[in-house]
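The chains referred to below are lettered A, B, ... by the order of the sequence lines, with proteins before strands, and numbering in each begins at 1.
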Amino acid sequence: MKLIKLTSDNTQQPGSRREELLNGLNRVQREAAAVTEGPLLILAGAGSGKTRVLTYRIAYLIELGVAPHNILALTFTNKAAREMKERIGFLVGEEQSRRLWAGTFHSVFARILRREGEHLGYTSAFSIYDTDDTLGIIRTAMNSLVISQQQYAPQAVRSRISSAKNQMVSWQEFQRNADNIFDKQAGLIYQEYEKRLKLNNAMDFDDLLLNMIRLFEHKPDILDAYQERFRYMLVDEYQDTNRAQYTVVSMLAAKYRNLCVVGDDAQSIYRWRGADIRNILDFQRDYPDTKVVRLEQNYRSTKTILAAANSVIDNNRQQLRKELWTANDDGDLVQVLKCRDDREEAETIAKLVVDEQVHHGRKLSDFAVLYRTNAQSQALEDALRRRNITYAIVGGVSFYKRKEVKDTLAYLRLVVNPSDGESFMRVVNEPTRGLGKTSLEALARFADAQGISLYAAAQRAEQIAGLQKRAQNAAHTFAEFIGRFIAVLGQIPPDELARTLIDASGLLRMYQEEGTDEALDRWNNIQRVLSHITEYTAREENASLEVYLQDIALTEDAENSDEARNHVTLMTLHAAKGLEFPVVFIAGMENGLFPLGKADTDPEEMEEERRLFYVGITRAEQKIFLSYAERRYRFGELSFPMPSRFLGEIDKKLVQQFGGTAPAAPPATGVGRVVKQPFTATRPASPRGSQSVMFDDIPKEEYHSQIEEEPMLRRGMVVRHEMFGEGKVLSVSGRGANAKAIIQFPGVGQKHLMLKYAKVTIVSMS
DNA sequence: CTCAAGTCTCCGAAC
DNA sequence: GAGACTTGAG
């Protein structure tokens with residue numbers, strides 16, 4: 001207990017750096033930072049300076065003489081880890097903070113498994129499969145087991161398996177406990193899935209946790225080494241850890257027991273990902289000598305915002321009572337915006353951003369727009385773009401999910417990890433190399449039978465009976481092509497290898513030759529990946545493709561070096577956790593959307609949605625706007641939702657309806673008059689579908705879909721589209737509700753539009 | 001085998 | 001309304 005001694009000594013030395021450090025904290029925060037030994041539970045309400053405590057605590061440990069590499073800080077996002085390191089660097093010097101272990105569970109463990117994975121039968125170049133990749137494995141597994149994908153949705157199977165893995169249920173155990181047909185089938189697929197992942201030398205996200213546990217169980221000496229290494233551990237967002245995460249942390253902390261966890265049960269929003277709120281509720285039972293510190297003063301929000309958040313969360317039954325208070329001003333009332341439709345909602349938000357900028361001198365970076373589903377971002381983006389407001393989307397449909405980017409990375413992955421069958425299948429015929437479905441099936445059968453990888457099978461293509469001579473050659477040539485790069489891996493710089501490989505693959509040429517604007521876009525994206533690798537190579541001392549690929553597999557936002565830039569931030573409510581903004585908008589406050597429809601039948605879901613709303617409100621420092629639309633397009637169809645029940649849960653005294661109807665959208669910036677002749681494909685005049693009935697109360701000009709006359713589009717016509725502007729019709733196909741047109745929009749490219757949905761007006765007839 | 005058209009799913013949040 | 005997957009003609 002030498003360190004505790006040091007602590008108390010220190011407080012009696014005014015002017016020492018340790019002392020100064022703690023002066024930046026209030027009394028309770030100081031306690032949380034200075035109790036360095038033994039288990040510590042910090043219950044930290046929203047905006048109570050939790051991050052500040054964590055960073056000061058780590059800095060304090062370092063000042064006490066603890067080596068930075070003996071400290072492990074696990075955060076929920078990579079961004080949070082980066083920020084924490086940066087702030088600690090500020091306090092104790094960058095030299096020190098760089099050696100700290102800080103990151104997400106997944107990234108820290110991937111790093112360890114890269115080093116230790118061979119004990120479990122993986123090479124250091126193992127691939128990390130994201131959710132999309134694993135779906136491919138599920139499908140392959142189902143095919144080989146002859147299980148119908150119509151009957152059992154691969155998505156459902158995947159999420160069933162993942163949640164089992166989250167709770168550390170092995171396939172053997174899963175099969176034993178399967179008591180319905182779905183689980184019985186899922187159990188078989190689970191087993192096959194695990195086999196195939198291993199064969200691919202690949203791990204899914206859950207494996208990054210499970211394999212740590214397996215490693216520690218089978219190799220006590222390795223566990224001991226890491227217990228020695230991580231003598232001090234901190235876990236942020238502890239309320240959102242799942243069973244597997246809980247177990248790894250327990251194992252690592254078992255020896256020194258210097259475990260500090262921070263959390264807030266009111267902000268638990270990842271139940272669907274296996275988060276187990278019991279982990280925080282039971283912490284004191286697991287560690288009876290736990291010291292508990294409550295941070296209950298909020299420094300972030302106005303009294304009004306805090307009261308609104310509290311009145312909402314009061315509706316939850318399963319909640320620890322907590323008294324969060326603030327010394328801040330009352331501030332403005334919560335503003336509720338009623339909008340006619342999702343488009344007007346977006347326009348109103350964009351307009352309010354401008355207003356607040358002009359009248360209250362705010363920067364764009366003061367604003368965040370939050371929503372429940374990623375699909376909502378589009379309308380918001382359009383509106384912001386129309387007003388030339390720069391914005392950044394956090395997460396969402398990621399750059400890394402794009403086909404051409406995945407293809408590029410798959411080429412690299414295959415070279416790094418030739419066992420990776422998913423990557424092989426992705427790129428073997430992209431661009432086309434004359435290896436179609438039939439040939440690849442034969443190749444896969446051969447690989448399966450021999451128990452070898454697809455790449456190895458391709459090397460021996462001549463031996464595959466039932467494969468055409470031409471296909472044999474094509475497969476062999478491809479294997480040789482990849483082999484040439486495997487041979488030089490590690491000998492030439494990563495960026496050079498990547499560039500040469502992608503160049504020689506023909507991927508770039510393929511898009512170049514296609515020549516459409518969309519292809520050009522894809523070409524550009526590939527170039528962006530390659531430059532990113534070049535940057536990485538220049539930045540890192542020991543740059544390697546393995547490490548690069550594993551790192552980006554775990555980050556959604558790898559390339560935002562522009563964090564300091566001035567822009568409005570758009571993101572889901574989930575992504576907003578841990579962040580704060582002077583002005584916050586929450587869009588789509590409608591039943592069925594937020595809370596989502598599923599919550600109606602499941603009280604626990606409802607409580608989680610409510611916690612999510614609580615998280616959303618408490619992001620705001622000064623002002624919050626809640627908006628809802630009376631009509632919204634979902635699934636390309638119009639719906640008529642009711643205002644969210646959550647709006648009614650906010651104390652009435654704190655709410656104000658925002659003034660009147662919002663102004664209409666600014667006029668389109670086109671040249672000349674648009675012929676006001678909304679186009680739609682004909683529908684039979686009768687019988688009228690239910691959809692037509694729904695439209696009866698809508699003013700004619702507003703919606704295209706209810707108009708029945710037929711100004712049929714023809715080749716050569718010039719039309720106007722809401723988003724793409726004016727364009728020329730290249731061709732029209734199909735008829736009635738299925739009519740489609742290919743239209744060339746200058747500066748946008750060719751678009752294939754379903755005329756049933758697309759809002760197109762005719763500008764000129766020839 | 002390839003390409004284009006047709007059909008189906010997604011829109012529930014992410015390491 | 002986009003994207004992934006399937007189907008059918010050449």
- What's the CD-P distance between A:Gln155 and B:dC11, to the nearest Å? 7 Å

- Could you check how far NZ of A:Lys401 sits from P of C:dA2, rounded to whole Å? 19 Å

- Message: Below 30° counts as parallel, above 60° as perpendicular, anything between as tilted: where do the rings of A:Phe478 and A:Phe481 land?
- Response: tilted

- Note on the structure: Closest to the side chain of A:Ala575, out of B:dA14, B:dA13, B:dC15, is B:dA14

- Item | Minimum-distance nucleotide to A:Thr432 side chain [options: B:dC3, C:dC5, B:dC10] | B:dC3

- Task: Could you check how far CD of A:Glu237 sits from P of B:dA14, rounded to whole Å?
- Result: 14 Å

- A:Asn242 side chain N/O closer than 4.0 Å to the phosphate oxygens (OP1, OP2) of B:dC15? no

- Got a donor-acceptor pair under 3.5 Å from the side chain of A:Ser439 to the base of B:dC1? no

- Query: Has A:Arg273 got its NZ or CZ under 6.0 Å from the middle of the six-membered ring of A:Tyr270, at an angle within 45 degrees of the ring axis?
  - Reply: yes

- Query: How would you label the contact of A:Arg271 with the nucleic acid (heavy atoms, under 4.0 Å): base, sugar-phosphate, or nothing?
  - Reply: nothing

- A:Trp101 ring centre to A:Arg111 NZ or CZ under 6.0 Å, with the angle to the axis within 45°? yes

- Query: Once you round it to whole Å, what is the distance between P of C:dG1 and CG of A:Asp382?
  - Reply: 10 Å

- Query: Regarding A:Lys406 and the six-membered ring of A:Tyr400, is the cationic atom NZ or CZ under 6.0 Å from the ring centre and inside 45° of its axis?
  - Reply: no

- Item | Side-chain ion pair, A:Glu590 and A:Arg632, N-O less than 4.0 Å | yes

- 5'-most contact on DNA chain C (nearest-nucleotide basis), A:Lys437 vs A:Arg402, goes to A:Arg402

- The side chain of A:Arg634 lies closest to which of these nucleotides: B:dA14, B:dC15, B:dC11? B:dC11

- Sugar-phosphate only, base, or nothing, as touched by A:Leu612 at under 4.0 Å among non-hydrogen atoms: nothing

- Message: If you only use heavy atoms from C-beta on, which nucleotide in B:dA14, B:dG12, B:dC11 is closest to the side chain of A:Ala375?
- Response: B:dC11

- Ignoring the backbone of A:Leu596, work out which of B:dA13, B:dC15, B:dG12 is nearest its side chain. B:dG12

- How would you label the contact of A:Phe105 with the nucleic acid (heavy atoms, under 4.0 Å): base, sugar-phosphate, or nothing? nothing

- Charged tip of A:Arg243 within 45° of A:Tyr246 ring normal and under 6.0 Å: yes

- Task: Between A:Ser107 and A:Ala471, just flag the one whose closest nucleotide in DNA chain B comes earlier from the 5' side.
- Result: A:Ala471

- Looking only at side-chain atoms of A:Thr104, point me to the closest of B:dC3, B:dC15, B:dC11. B:dC15

- Query: So which nucleotide from B:dG12, C:dC5, B:dC1 ends up closest to the side chain of A:Thr438?
  - Reply: B:dC1

- Measure from CD on A:Gln550 to P on B:dC15 and round the result to the nearest Å. 17 Å

- Query: CG of A:Leu208 versus C1' of B:dA14: gap in Å, rounded?
  - Reply: 14 Å

- Message: Base of B:dG12, side chain of A:Glu605 - is there a donor-acceptor contact under 3.5 Å?
- Response: yes

- Query: OP1, OP2 of B:dA14 versus side-chain N and O of A:Thr77: anything below 4.0 Å?
  - Reply: no

- Note on the structure: A:Glu422 atom CD is separated from C:dA4 atom C1', nearest whole Å, by 15 Å

- Is there a donor on the side chain of A:Glu609 or the base of B:dG12 sitting less than 3.5 Å from an acceptor on the other? yes

- Task: Determine if A:Tyr270 stacks with B:dA14; use a centre-to-centre distance below 5.5 Å and an interplanar angle below 30° as the criteria.
- Result: no

- Task: Give one of base, sugar-phosphate or nothing for A:Asp207, where a contact means two heavy atoms less than 4.0 Å apart.
- Result: nothing

- Side chain of A:Arg139 - closest among C:dC5, B:dA14, B:dA13: C:dC5

- Check if the side chain of A:Lys403 and the base of C:dG3 share a donor-acceptor pair of N or O atoms closer than 3.5 Å. no

- Could you check which of B:dA13, B:dG12, B:dC10 has an atom nearest any side-chain atom of A:Lys598? B:dG12

- Item | A:Leu593 CG - B:dC11 P separation (whole Å) | 13 Å

- Message: For a quick test of reading the model: is some side-chain N or O of A:Asn429 closer than 4.0 Å to OP1 or OP2 of B:dC1?
- Response: no

- Task: For the pair A:Lys403 and A:Asp132, find out whether any cationic side-chain nitrogen is under 4.0 Å from an anionic carboxylate oxygen.
- Result: no

